[in-house]
Undergrad: 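I'd like to ask some things about the structure below.
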Amino acid sequence: MPLASGHTVETLQEEELQRHVEIFKGHTTGLVRLIPGRWCLPESYVKFADALYNFKFRETDVMVITYPKCGTTWIQEIIWTMKNNPNLDNPKAATLSKLRVPFLEMDALKISRNSSLRDHEPRMFATFKTMCPGRDPDDGIQLQMAEVMPDPRILKSHLPLSLHNPDLIDTTKVVYVARNPKDVVVSYHHFMRLLKCHDFVGSFDQFVQQFVDDDLYYGPFWLHLKEAWEKRDHPNLHFIFFEELKANNIVELRRLNKFLETNLTEDQLQKVARHTSFSVMKTREEKIQPPEENAAFKKDIAMTDGGSYRKGEAGDWEHHLSREQQEKIDQWTARNVKAFGHSFPYSP
Ligand code: A3P
């Protein structure tokens, strides 16, 4: 039976699954591909797929959609601050960003039998119990927190537009962030090594190969981007490049101010810029939750290579990708970028 989104579910079969779990030690519950698209997700996604597709968005929401590691946390903090804390005097800003911005499909990503949001995200679970008394956590902690959250909600998802209800973009403002795939693969590799529930133990070369084969968790990078790029002229979709946000931060904040209709003054925008700069965000969040003490992280990796606030730069890939890996990504990019028009960034 197809999902409400119209996708059919293919379960990864023995040999392919075996190859996958040999390098992703944490992925112990099986994976599926959703057709069309070959979106790659854990089997647990299927239980939540229709609830996610039928999620009731509000006109007042702002939805952040990104491929993983494209700057989701950064943009969600910018938007939350613009809407809720433009004078930097809201006490709620002292809580972790992830407790203020529900990650809609988070419960649907139960990749590891041993991973549980209750154990790995005790703060989130405590917030859920306060916000949703009497509700069953098995029905989705993040989904239910999102349902009861007062306006204005900022929500996030890594699912591509085609796995969301088409009404989403007609109802709600959507911000899509794109990032250079070379930086994405470096950041994603770090993250997949860092998180116990993924526990990537293969080589970086294998990881790069999986990325260009669309075999990583979530699947095809370019199709994800293309679905949003095709909608870039829709008045409810705002497209941002990570590199522009980094290089021309205040210009991008002004554009967002217009899109979100937040009417912040120049002084307020400057405050938002400082508050959401990499060093300020990293210091603030890591003070609340030091990476070495995060139960979801592998401690040795957190201590040597850092937590999810790693470098926060554009172009760090130059320090990580070999010439062969660069060429592989360039060829893959050249094949895929044609569909975007000749002025698209990231063309080799
Ligand atoms: P790096 O691993 O390259 O450092 P996501 O939030 O989508 O998972 O993306 C994570 C990436 O965004 C990480 O990239 C992280 O360091 C970077 N990031 C987070 N906050 C940032 C900020 N305020 N400024 C710049 N980059 C930021």
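Here the structure is a predicted model, which means the values were calculated and not measured. Numbering of ligands and ligand atoms starts at 1, following listing order.
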Undergrad: Enumerate the protein residues lying less than 4.0 Å from ligand 1, judged by heavy-atom distances, in chain and residue-number order.
TA: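 Ligand 1 pocket, heavy atoms under 4.0 Å: K69, C70, G71, T72, T73, W74, R179, S187, F242, T276, S277, F278, M281, S308, Y309, R310, K311, G312.
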Undergrad: Pair up each side-chain donor or acceptor in residues 166-173 with any protein partner under 3.5 Å, not counting sequence neighbours, and list the distances.
TA:
| unit_1 | atom_1 | unit_2 | atom_2 | d |
| --- | --- | --- | --- | --- |
| D170 | OD1 | H234 | NE2 | 2.9 |
| T171 | OG1 | D167 | O | 2.7 |
| T172 | OG1 | R58 | O | 3.0 |
| K173 | NZ | F259 | O | 3.2 |
| K173 | NZ | E261 | OE1 | 3.0 |

Undergrad: Can you list, by chain and residue number, the hydrophobic cluster partners of F297 when the side-chain cut-off is 4.5 Å?
TA: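 Noted: F297 shares its cluster with F191, L194, L195, I301.
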Undergrad: Which residues satisfy the ring-ring contact (aromatic ring centres under 6.0 Å, His included) test with Y218, sequence neighbours excluded?
TA: H158
Undergrad: What's the shortest heavy-atom distance between T95 and R100, and which atoms?
TA: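 For T95 versus R100, the nearest heavy atoms are O-NH2, 2.9 Å.
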Undergrad: Going from CH2 on W74 to CG on L245, what distance comes out if it is rounded to the nearest 0.5 angstrom?
TA: 3.5 Å
Undergrad: Can you confirm if the aromatic rings of H164 and F55 lie within a centre distance of less than 6.0 Å?
TA: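 So the answer is no for these two rings.
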